[in-house]
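Comments concern the structure below.
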Amino acid sequence: MSDQQTATAPRASDDRHAQPDRLDRTALAKRVAADISNGAYVNLGIGAPTLVADHLPPSSEVILHTENGMLGMDPAPAEGEVDPDLINAGKQPVTELPGAAYFHHADSFAMMRGGHLDLCILGAFQVSESGDLANWSTGAPDAIPAVGGAMDLAIGAKDVYVMTDLLTKTGESKLVASCTYPLTGVGCVTRVYTDRAVFDVVGGRFRVRELFGSTTLDELRELTGLELEMFDGA
Amino acid sequence: MSDQQTATAPRASDDRHAQPDRLDRTALAKRVAADISNGAYVNLGIGAPTLVADHLPPSSEVILHTENGMLGMDPAPAEGEVDPDLINAGKQPVTELPGAAYFHHADSFAMMRGGHLDLCILGAFQVSESGDLANWSTGAPDAIPAVGGAMDLAIGAKDVYVMTDLLTKTGESKLVASCTYPLTGVGCVTRVYTDRAVFDVVGGRFRVRELFGSTTLDELRELTGLELEMFDGA
Amino acid sequence: MIDKTVPDVASAVAGIADGATVMVGGFGRAGQPVELIDALIDVGARELTIVSNNAGGGDVGLARLIAEGRVRKVVCSFPRQSDSWHFDTAYREARLELELVPQGNLAERIRAAGAGIGAFYSPTAVGTPLAEGREQRVIDGRTYLLEYPIHADVALISGLAADRLGNVVYRRTARNFGPIMATAARTTVVQVDEIVEVGALDPEAVVTPGIFVNRVVAVGERPWLRDSEFVGGVDLAGAPLAGAGASAGGAS
Amino acid sequence: MIDKTVPDVASAVAGIADGATVMVGGFGRAGQPVELIDALIDVGARELTIVSNNAGGGDVGLARLIAEGRVRKVVCSFPRQSDSWHFDTAYREARLELELVPQGNLAERIRAAGAGIGAFYSPTAVGTPLAEGREQRVIDGRTYLLEYPIHADVALISGLAADRLGNVVYRRTARNFGPIMATAARTTVVQVDEIVEVGALDPEAVVTPGIFVNRVVAVGERPWLRDSEFVGGVDLAGAPLAGAGASAGGAS
């Protein structure tokens with residue numbers, strides 16, 4: 001897997017749409033996909049994480065779970081072949097791979113909460129140094145709340161990766177000392193893939209696993225306001 | 001259903017194997033079967049209750065549940081057609097009716113404990129006036145305990161009928177003021193079919209619903225030592 | 001003979017009263033019993049509590065039920081959708097109450113009701129705002145919240161096919177909440193594309209055994225299925241896509 | 001590529017250690033993974049805790065495991081059978097411990113382990129000797145007992161067919177505890193009559209999805225099945241009946 005990482009990172013930063021100091025969304029999806037092991041059972045959250053499905057390496061066989069009751073999901077159908085009975089958690093049309101299985105919602109979430117998924121990849125508003133995740137509500141008083149399966153995914157999968165831009169549109173860091181938005185799960189995130197760098201959550205601190213493009217550790221410290229160190233591989 | 005009762009009782013007591021004052025096991029199984037409504041979902045306990053399956057009136061369609069994961073069970077197969085993968089809770093070979101369904105043990109007991117079965121029919125060591133059931137253990141210190149699904153059945157079905165001889169082999173009444181054997185369930189039995197009479201459990205008392213053969217109410221009072229009245233239909 | 005089939009959707013939903021708690025199957029449009037909901041609107045029942053994963057989208061089905069002012073409370077995990085304008089308006093105008101439940105807790109609470117479980121300890125939502133008011137317990141070093149079953153008066157469900165005994169099979173991800181809701185309601189009503197003969201469903205593949213089902217109604221083939229084969233040319237709402245051909249266009 | 005198939009039962013049970021908790025599928029003989037148990041005996045692991053509905057019958061499978069003195073504790077609902085002499089002897093000589101669990105609690109506790117439920121309130125066994133030591137709680141006027149999940153190191157299960165992804169289908173009442181045990185163990189091992197190609201199993205009819213399965217081994221057709229048709233002439237133990245014909249007799 002570390003071979004794949006080395007091989008992929010330069011490719012990703014060569015992407016013609018990428019900024020010199022960060023990856024675009026497609027490149028980031030490729031980068032995340034490269035880290036998924038052969039044979040892994042993976043749930044991709046709504047939004048950006050869904051893109052990962054389109055970039056899984058052909059050399060590996062990864063089984064995608066969708067919480068609305070399916071294992072063995074494949075990305076979007078060809079035009080004109082949309083089956084309204086076959087959708088993912090984002091209610092987008094998908095397709096079925098040979099070896100797929102369908103099950104009802106209680107079985108699907110039992111699968112998730114019983115710790116059987118190897119990995120889920122989620123979007124985030126904020127991730128804290130202790131791995132707390134906030135991704136379902138900004139707490140705005142007039143917002144209509146909606147949580148879906150986010151809280152179950154957060155506590156269910158063996159590993160929870162977050163895939164997000166490092167900064168919000170207004171320039172605030174999504175990596176924080178502690179979340180100010182309502183939490184989705186406590187201490188659940190194990191890794192964060194951002195457009196600038198990959199971070200592991202280790203012992204209550206973010207450790208920088210990999211820098212993208214021209215991004216430096218000092219830049220990340222400045223952007224996040226957090227004490228960051230490179231991941232030492234331990 | 002009351003028509004069926006009237007029609008069946010004399011027929012049963014005419015049975016050539018019956019004692020004048022009581023029904024034999026086959027006649028009792030017929031008598032119980034006649035009370036089961038069309039469309040009922042029924043679980044038959046191990047032992048004597050299993051016989052009921054052979055006497056269900058052809059005019060009604062009754063769906064038999066077996067807790068080892070099946071609805072739509074039919075009685076024993078023809079000789080030479082035993083399928084070891086198709087057994088009932090007593091581990092006897094059975095057959096499958098059209099419209100049957102198989103499911104795993106958690107689903108099967110969810111069905112039972114969720115109150116979806118209309119009726120189960122169980123054997124008993126003792127039934128108390130308040131409907132307590134003792135049918136899994138005599139409490140003998142050297143006995144090997146085994147409970148199976150008895151406790152789940154007792155509390156799960158909408159109605160729990162007991163089918164048993166009124167007296168033990170040593171002449172003691174199985175209907176008692178309160179059980180001395182370890183309980184299977186509390187206040188769960190709604191009706192008791194014995195070789196001498198049918199009893200309903202009503203307001204903490206047995207009410208005699210029907211007398212078999214030459215049995216009289218006074219005899220039943222003497223045999224059980226309980227205050228018994230005829231069921232007044234209320 | 002047992003015959004749970006009823007001739008039309010009006011008979012299928014007959015008797016649903018004001019104030020009833022109604023479970024509605026489906027995840028988005030997949031598995032949503034639109035025809036039964038339309039019939040429920042015709043019944044006229046008001047002050048309903050709806051238990052469903054979503055709160056409807058567009059102007060049909062659940063969304064229309066809300067638009068018609070029949071719903072007092074919604075218990076769901078994800079009411080907000082790009083096209084949930086009817087729910088959004090009713091919620092903002094405080095014309096209905098929302099109980100927001102994480103999807104896994106929603107599913108497990110429905111299953112618990114059907115399975116006779118008094119309550120259970122769930123790992124989901126611990127440390128979040130949705131844990132408020134819930135009893136907490138540490139078991140084997142992990143924190144859980146106590147969750148209670150959700151029962152309903154009626155469940156409205158959509159399946160692919162059923163027999164007169166009420167055995168039901170579903171199709172693909174349209175299965176979703178149907179099988180568990182069928183177990184949790186006093187009266188379970190299933191709409192299917194087709195009613196088949198007893199014996200036509202494989203006993204190994206029946207998903208909802210008839211014991212959980214009270215009424216079955218056939219609503220006819222959906223536009224995207226024909227001869228058991230999927231026929232494309234529709235969008236997610238089941239409407240024909242532009243350029244999908246004259247015959248599909250004629251069905252819209 | 002994912003390939004969970006292993007070439008033989010020895011590979012299937014490799015690594016089961018002394019002191020392991022092993023779930024064993026089956027209800028009586030139906031669904032009991034006899035070939036895997038035989039292989040487990042050969043592995044030599046001792047001091048096992050066995051979670052199974054029964055404690056074996058006759059001299060094969062679970063009964064033989066107990067006879068060989070490998071079992072320290074049995075968690076089951078119904079150890080006593082007409083032919084459970086090996087369990088009976090070991091129990092009376094206090095060579096093993098018994099935890100007796102009502103069958104529905106056994107099933108639900110196994111499911112809870114697989115589903116990440118911390119504990120649940122069960123209506124079963126209230127007011128009986130098996131309620132002793134259990135926490136009691138009144139919910140909505142009914143009394144329940146608190147029941148905890150049962151996890152295992154290994155589950156040994158018997159199915160009808162599986163693919164290399166570990167998707168499993170069962171046959172008739174041999175399904176019983178298999179699907180839930182598959183969810184509750186760290187390592188789930190499934191023996192099947194036959195391994196089939198990926199895509200050969202109907203995705204609507206897969207009972208145990210591959211996510212729950214670690215190893216699959218084919219043990220060959222059972223004597224009472226041929227060309228997907230049932231062939232009679234066997235008794236409940238799978239032995240040919242007297243007079244069942246020369247060919248069947250020859251197989252014993």
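Residue numbers begin at 1 in each chain, while the letters A, B, ... track the order of the sequences.
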CG on B:Asn38 to CG on C:Asp3, rounded to 0.5 Å = 10.5 Å
Tell me, side chain or backbone of B:Met111 under 4.5 Å from chain C's heavy atoms, or both, or neither?
-> both
Which heavy-atom pair separates C:Pro203 from B:Glu96 by the least distance, and what is that distance?
-> CG-OE2, 3.5 Å
Heavy-atom closest contact (C:Asn167 atom, B:Ala101 atom, distance) = OD1-CB, 4.3 Å
Side chain, backbone, both or neither: which part of C:Leu165 has a non-hydrogen atom closer than 4.5 Å to chain B?
-> both
Verify the neighbour count for atom CZ of B:Arg25: are there more than 12 heavy atoms of other residues, nucleotides or ligands below 6.0 Å?
-> no
Between B:Ala110 and C:Arg111, what is the shortest heavy-atom contact and its length?
-> CB-NH2, 4.3 Å
Proximal component of B:Leu117, with respect to chain C [non-hydrogen, under 4.5 Å] | both
Spatial distance of atom CZ (B:Arg113) from atom CD1 (C:Ile117) [nearest 0.5 Å] = 5.0 Å
Of all heavy-atom pairs linking C:Arg164 and B:Glu61, the shortest is NH1-OE1, 2.9 Å
Using side chain to side chain contact (heavy atoms under 4.5 Å, CB included) as the criterion, point out the one residue from B:Tyr41, B:Tyr102, B:Phe103 that pairs with C:Pro209.
-> B:Phe103
